[in-house]
Each structure stands twice: as structure tokens, then as C-alpha cells.
Enquirer: 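Structure in C-alpha cells, see below.
These numbers come from the heavy atoms of this one structure, side chains and all, not from hydrogens, waters or symmetry mates. The sequence lines fix the lettering, A, B, ..., with proteins before strands; numbering per chain opens at 1.
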There are 2 protein chains.
Amino acid sequence: MPKNDKDNAAAVARIEAAFPLSFMIHQLEMKLGAQARALIAKHGDLTLPQWRIIRVIGMDTADGSTAIRKVLGFDKSQFSKTVSQLQTRGLVEVLDHPTDRRQFRLALTDEGRAALDRLTPELDARNDFLMQALSPEERSLIRSALLKLSIAAETTDIPTGSDT
Amino acid sequence: MPKNDKDNAAAVARIEAAFPLSFMIHQLEMKLGAQARALIAKHGDLTLPQWRIIRVIGMDTADGSTAIRKVLGFDKSQFSKTVSQLQTRGLVEVLDHPTDRRQFRLALTDEGRAALDRLTPELDARNDFLMQALSPEERSLIRSALLKLSIAAETTDIPTGSDT
DNA sequence: CCGATTTGGCGGACTTGTCAACCTTGTCGT
DNA sequence: ACGACAAGGTTGACAAGTCCGCCAAATCGG
């Protein structure tokens, strides 16, 4: 067994015990991102943000640009640029929005849907794999917990003083 | 009440109900990052990764470069560059590692500790604020859940077929 | 109905993050 | 003890994300 490896692992565990939540989530996000990128690269040539947008469009629960952008938490600028890429590559179609002329609707082209169908089973399997790592009660609570945190993370002014 | 806002909010809620875990975490991470950047910017001029490194060093639970890098989930390259910035700005000190000459140890300078002391209460308040958004049982489970996910996220080959 | 404000999207400058090649040091097998 | 291999760190080229100001469309307040 590597001597320094053991030391490092012990140090890591010691730090994590007292870690702020935001750090844990950042660490997790890094690993998830790397894992997702590896999976996507193995089965095509989409980038991670491109895939995310395609995935949400493919869920067929909303097609307005704002709804999609908000749910992904994307920056306006980044969203705009990524959609342009997808449109140029012929994966998505940009249509007029029926009631709001500032927004647009997004739809998958045949090629876009093919990419979605190719990747979805892989990424769904990963999601299942992640969920299986959790205990049943953790599984049942994690979604609402993340949602609550997400709302709390939107507050810009934090009650600084100790408010008990 | 804005008409389109209501539509968008409804669409967002509809999507989130069936959202993969990784998307939720990404969305959360974006918001947390923006919130943290805003707080840091208000009380100094550190970047988010710089702050994270300082924060971990300040925890005094480990000072080896590898342990710090691993716990933050940083890329080797990014870590190296950010440490250089901190060293240049005189916030951290780079020392020899006692048993491994590939690594180094990190320590805060007086100026680095001052920055830490200035920012820590703010960020700790935020952390408390986030934790208060959770129910008691969510609070007690979230850490172990995130840790398990973090481990699962390191697996590179996912059992694709249904393995049950 | 009209100005003020908000929301949505775009473009460009800039910062961050990512990836691959490289060198050094440590570790393992024999 | 020594050669193969893994782990740590650095660098540079490149991709991704962020921030800013801009303009158009929609909403709100009289």
C-alpha cells in the first residue's frame, strides 16, 4: 500500500467531516461533470452543455427558451451561444414563440432526436447507478432537499447576524 | 402578475419533477457559485477558487497539496495556477513537504489569514442560512448522501444493462 | 394610452476551467 | 537494487463560462 496515499486519504476524510455544504456540492459537481463528459465523449461528440439542452428539450415538458434556460441554471449568454452551436450543427430547430416575441421555442431535429436516443440510455443508467448508491430514505429526501437549497441559494442578502 | 412569468414558472416546476439528479446538482452549483462570488466580491477581491483554497488551508486539518486539491475536487492544472496566483499576491506560503518531495505544504501568510478572517463570518452565515432551509431530517442525511454520491461519481464504467 | 421598468436575447472582452504532453519523484515487483 | 509504472506538478493551447452594455419586446403605473 502506498504510504503517502494513505496519509492523503486520512487527511481528506478529516477535512470533509467539517466541510461547508457548498464545498461538498462543488466537489460532487466536478466529479459528476467529469463522469458525464467521459460518457458523452464515448458515444458521440456533444459537449456537456449541448447535451443538457438537448436532454431538456427531449423531455417534452416545455419548449420555451426561458423555461429551459432557467431550469438548467444557465447564464443568458452561455445559453444563447450553446443554442447557436446546436442550431448550426442541425440538432435543434428554433421556432417563434406563440405569445412572447422576445423568446423562442426549441425543438429537436431528426438528427437531434437521434443523438438524444443514442445517449439517453447511457446517462439514465448512470443516474440509476447514482441513485442506487443512496439508502432508501436518502433517495426519498434528496430531491426536496436539493430543491430547498436551490431556492435558498437565490437569496442575495444573507442574514449576517446570528438570528438564532 | 406577469403572464409569461407564470407560464415559465409552471414549466420549470413541471420539468424539475422528473429531473435527473445530476441536473439538479448542476443547477444548485450554479446558484451557489453565483451567491458565493457575490458575497466574496462584496468583502474583498478574491476569486471563488482562491477563496476555497484559503478556506481549506485555514481549517488547519491538512496542509499537503494533494490532500487540499483532492478535497476541493480541483483539477491538477487549475490548482497549480490558482496557488501561483495566491503566492504572487502574498496570501499563501509554499513550503517543502516533509516526506514527499513531489508535493508541497501550504500555509497562510498574515495577509492571507486576514482575508480569511474577514470573509469567514460572511460565508459561515451563508452556510447556516442554507442549512436552515432544510428540515432536521434532511440536515442529518444530506452530508452522507452527498458523500456517497461523490464516491459513486468516481466510477468510470457504469453497469449499462439492468443489473438487478 | 404613455412613459418607466423589467425581462429576454445578443455580442464582445475577459476570466476560468479543461485537456494533453512532459518531467520529476516515489512505489512496486522481481 | 533496478527497471517499469504510477502519482504529483507545471506549462501551454484551447474550450467553456462570466460579465458588461446594448437593444427589443413585454409589463406595470398611472
Side-chain angles (χ1 to χ4, degrees), chain A residues 1-9 11-12 26-27 29-38 40-41 45-53 64-70 72-88 94 96-106, chain B residues 1-9 11-12 26-27 29-38 40-41 45-53 64-70 72-88 94 96-106:
Chain A
M1 191 189 306
K3 181 167 64 70
N4 278 319
D5 261 26
K6 196 184 57 186
D7 290 350
N8 286 331
V12 167
H26 180 248
Q27 184 191 11
E29 162 72 3
M30 295 291 102
K31 292 180 183 174
L32 286 175
Q35 193 184 42
R37 266 190 294 273
I40 293 170
D45 61 346
L46 292 176
T47 67
L48 187 46
Q50 287 171 353
W51 157 251
R52 285 189 162 126
I53 291 178
S65 50
T66 298
I68 295 175
R69 180 170 61 78
K70 287 266 175 70
L72 284 170
F74 272 39
D75 179 75
K76 286 197 298 181
S77 182
Q78 189 197 169
F79 186 73
S80 168
K81 286 165 188 166
T82 310
V83 169
S84 295
Q85 295 167 5
L86 290 171
Q87 193 182 10
T88 302
V94 176
D96 287 345
H97 192 283
T99 65
D100 190 338
R101 279 198 298 164
R102 293 170 304 180
Q103 300 189 43
F104 44 80
R105 288 186 307 133
L106 289 172
Chain B
M1 190 188 308
K3 183 166 64 71
N4 279 317
D5 259 27
K6 198 184 56 186
D7 290 351
N8 287 329
V12 167
H26 180 248
Q27 185 191 10
E29 161 72 4
M30 295 293 102
K31 292 180 183 173
L32 286 175
Q35 193 184 41
R37 266 189 296 273
I40 294 171
D45 61 344
L46 292 177
T47 66
L48 187 46
Q50 286 171 353
W51 157 252
R52 286 188 162 126
I53 291 177
S65 50
T66 299
I68 295 175
R69 180 169 63 77
K70 287 264 173 74
L72 284 171
F74 272 36
D75 179 74
K76 285 197 299 180
S77 177
Q78 190 195 359
F79 185 73
S80 169
K81 287 166 187 169
T82 310
V83 169
S84 295
Q85 294 167 6
L86 289 171
Q87 192 180 10
T88 302
V94 176
D96 287 345
H97 192 283
T99 64
D100 189 341
R101 278 199 298 163
R102 294 170 303 180
Q103 298 189 45
F104 45 81
R105 287 185 308 132
L106 289 173

Enquirer: Mind calculating the distance between CH2 (A/W51) and P (D/dA16) to the nearest angstrom?
Expert: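 Atom CH2 in A/W51 sits about 17 Å away from atom P in D/dA16.
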Enquirer: If you pin A/R101 and A/F74 to their nearest nucleotides in DNA chain D, which one's is more 5'?
Expert: A/F74
Enquirer: Between the base of C/dT24 and the side chain of B/R102, is there a donor and acceptor pair under 3.5 angstrom?
Expert: no
Enquirer: Tell me the interatomic distance from B/L72, atom CG, to C/dT18, atom P, rounded to whole angstroms.
Expert: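 Checked: the CG to P distance equals 13 Å.
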Enquirer: Rounding to a whole Å, what distance do you find between A/Q27:CD and C/dG17:P?
Expert: 16 Å
Enquirer: With the side chain of A/Q103 defined as its heavy atoms from C-beta on, choose the nearest nucleotide among D/dA16, C/dG9, C/dT18.
Expert: C/dG9
Enquirer: Taking atom types as modelled, find out whether A/K81 and A/S77 have a side-chain donor-acceptor pair closer than 3.5 angstrom.
Expert: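 A/K81 vs A/S77: donor-acceptor pair found between side chains.
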Enquirer: Can you measure B/L48 atom CG to C/dT15 atom P for me and round it to whole angstrom units?
Expert: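 It works out to 16 Å between those atoms.
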Enquirer: With no hydrogens and no angle check, do the side chains of A/Q103 and A/T66 hold a donor and an acceptor under 3.5 Å apart?
Expert: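 A donor-acceptor contact under 3.5 Å links the two side chains.
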Enquirer: So does A/K70 get a side-chain nitrogen or oxygen closer than 4.0 Å to the phosphate oxygens (OP1/OP2) of C/dG8?
Expert: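 Yes, A/K70 has a side-chain N/O under 4.0 Å of OP1/OP2 on C/dG8.
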Enquirer: At how many degrees, to 10°, do the end axes of the helix from C/dC1-D/dG30 to C/dT30-D/dA1 meet when each uses five pairs?
Expert: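 It comes to 60° between the two terminal axes.
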Enquirer: Can you tell me the distance, in whole Å, between the CZ atom of A/F104 and the C1' atom of D/dA24?
Expert: 14 Å
Enquirer: Do the ring planes of B/F79 and B/F104 sit parallel (below 30°), tilted (30 to 60°) or perpendicular (above 60°)?
Expert: parallel
Enquirer: Which distance, rounded to the nearest 0.5 Å, do you find between the CG of A/L72 and the CD1 of A/I53?
Expert: 6.5 Å
Enquirer: With a 4.0 Å heavy-atom cut-off, tell me which residues in residues 80-87 of chain A come close to DNA chain C, sorted by residue number.
Expert: A/S80, A/K81
Enquirer: Let's go through B/R69 and B/S65 carefully: what are the C-alpha distance in whole Å and the side-chain angles of both, what is the deciding distance for side chain to side chain contact (heavy atoms under 4.5 Å, CB included) to 0.1 Å, and is it a yes or a no?
Expert: CA-CA 6 Å; B/R69 180 169 63 77; B/S65 50; over 6 Å; no
Enquirer: With a 3.5 Å cut-off and heavy atoms only, can you find an N or O donor on one side and an acceptor on the other between the side chain of A/S77 and the base of C/dG11?
Expert: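 For A/S77, whose side chain was compared with the base of C/dG11, there is a donor-acceptor pair (under 3.5 Å).
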Enquirer: State whether B/R37 places a side-chain N or O below 4.0 Å from either non-bridging phosphate oxygen (OP1 or OP2) of D/dC19.
Expert: yes
Enquirer: Please report the distance, rounded to the nearest Å, between CG in A/D75 and C1' in D/dC20.
Expert: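 In whole Å, D/dC20 C1' lies 11 Å from A/D75 CG.
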